[in-house]
Amino acid sequence: LDAALEAHVIFFAVPFLNFKDVAATRSDWTGKIVIDVTNAAFLPLDVQERELQGRLSSEVNADRVPGANLVKAFNQLPMKGLVAPVAIPDGRRVVFVSSDHDDASAAVTALAESLGLAAIEVGKIGEGGRLIQARATSSFRISSNTRCDTSGPGRRPVRRPGPVARAAHALAFSNASAGSPTGSNG
């Protein structure tokens, strides 16, 4: 852990409730880019209320790493989804990136691109970043790649891509097909 904490860019790939434990290992995170991979949405509602107090999980986590430039990214798909083969030739998985620090957002976007992913910067945490914060009560969840279609008598649920997944999939495919080096908006 000590060696990892010396890096300039640090992934906090821990459960949300453990983020504060890792953050407490340093009193000053100045000069570090901390990538918040957590999701608080899967915690019981009473724990969410106690821990978040109406704030976004990344806003809470940013306060836990004083001096760091926090970036919310890589939290929309489970690890198996990020590393799974893409069904479309030359297609890429999409990750959304949000930060209140433009330089940190650009660095994480470049990192995602270097890993073969299509990164889309969605703006500041309190704005576009709100869209990528998985929320148990939200009807708009980027982390949900499918919806169930049970229309018709006697039909069983069929998993089909939801509208966000289709849009992200189409974007990744169109960028790959066009030879675009990036899926970001800036």
Side-chain angles (χ1 to χ4, degrees), residues 1 3-16 19 22-23 29-41 56-59 61-62 65 67-135 140-146 161-186:
L1 179 63
L5 295 177
E6 293 305 316
H8 175 63
V9 178
I10 305 167
F11 279 81
F12 271 41
V14 297
F16 173 78
F19 189 102
V22 178
W29 291 87
T30 300
K32 305 289 184 185
I33 296 174
V34 172
I35 302 174
D36 179 4
V37 184
T38 68
N39 281 313
L56 298 173
S57 62
S58 289
E59 292 171 330
N61 286 340
V65 287
N69 293 336
L70 186 120
V71 179
K72 184 71 164 189
F74 300 94
N75 70 312
Q76 302 87 33
L77 293 172
M79 185 56 65
K80 287 181 182 180
L82 282 173
V83 300
V86 178
I88 297 173
D90 299 323
R92 299 186 294 164
R93 296 266 183 246
V94 174
V95 294
F96 297 92
V97 178
S98 178
S99 180
D100 291 338
H101 308 277
D102 292 340
D103 55 336
S105 184
V108 173
T109 296
L111 173 64
E113 295 286 334
S114 75
L115 295 172
L117 301 164
I120 300 173
E121 292 182 74
V122 295
K124 306 289 184 199
I125 297 284
E127 299 163 354
R130 183 172 299 280
L131 299 175
I132 63 174
Q133 303 279 320
R135 306 288 295 238
F140 179 80
R141 292 183 53 188
I142 291 175
S143 61
S144 176
N145 286 335
T146 59
V164 173
R166 284 194 307 269
H169 180 80
L171 177 66
F173 178 70
S174 67
N175 284 333
S177 297
S180 172
T182 180
S184 71
N185 63 358

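Small disclaimer: the values here were computed from a predicted structure and weren't measured.
- Salt-bridge check for Lys124 with Asp100: failed, with every basic side-chain N at 4.0 Å or more from each acidic carboxylate O.
- The side chain to side chain donor-acceptor pair (under 3.5 Å) search around Ser98 returns none, not counting sequence neighbours.
- In this structure a side-chain-to-backbone donor-acceptor pair under 3.5 Å is missing from Asp36 to Ala62.
- Taking all atoms of both residues into account, the shortest heavy-atom contact from Ser58 to Lys72 is OG-CD, 2.9 Å.
- Applying the side chain to side chain donor-acceptor pair (under 3.5 Å) test to Ser114 and every residue at least two apart in sequence or in another chain returns nothing.
- In this structure Val83 satisfies the side-chain contact (heavy atoms from CB on, under 4.5 Å) test together with Met79, sequence neighbours excluded.
- The ring-ring contact (aromatic ring centres under 6.0 Å, His included) test applied to Phe12 returns Phe19, Trp29, not counting sequence neighbours.
- Between Glu59 and Gly126, the shortest heavy-atom distance links the atoms OE2-CA, 4.3 Å.
- Shortest non-hydrogen contact noted between Val34 and Ala68 is CG2-CB, 3.8 Å.
- Taking CG of Leu111 as the start and CZ of Phe11 as the end, the distance is 5.0 Å to the nearest 0.5 Å.
- With values rounded to the nearest 0.5 angstrom, Ile35 atom CD1 is found 13.5 Å from Asn61 atom CG.
- Minimum interatomic distance between Arg93 and Pro85 (heavy atoms only, all atoms of both residues): NH2-O, 3.0 Å.
- By the side-chain contact (heavy atoms from CB on, under 4.5 Å) test, Ala104 is found to be paired with Ile33, Asn69, Val71, Ser99, His101, residues two or more places apart in sequence or in another chain being considered.
- Partners of Phe16 under the ring-ring contact (aromatic ring centres under 6.0 Å, His included) rule, at least two apart in sequence or in another chain, do not exist in this structure.
- Contact annotation: the side chain of Leu82 never approaches that of Leu115 to less than 4.5 Å [non-hydrogen atoms, C-beta and beyond].
- For the pair Val86/Arg92, no side-chain contact is recorded, criterion being any heavy-atom separation below 4.5 Å from C-beta on.
- Counting all heavy atoms, side chain and backbone alike, Ala119 lies closest to Val97 at CB-CG2, 4.2 Å.
- The main-chain N or O of Phe96 is found under 3.5 Å from a side-chain atom of Gln76 such that the two form a donor-acceptor pair.
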Does Ile10 form a side chain to side chain contact (heavy atoms under 4.5 Å, CB included) with Val65? I'd like the steps, not just the answer. CA-CA 11 Å; Ile10 305 167; Val65 287; over 6 Å; no

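- The salt bridge (Lys or Arg N to Asp or Glu O under 4.0 Å) contacts involving residues 3-12 comprise Glu6-Arg26, where partners must be two or more places apart or lie in separate chains.
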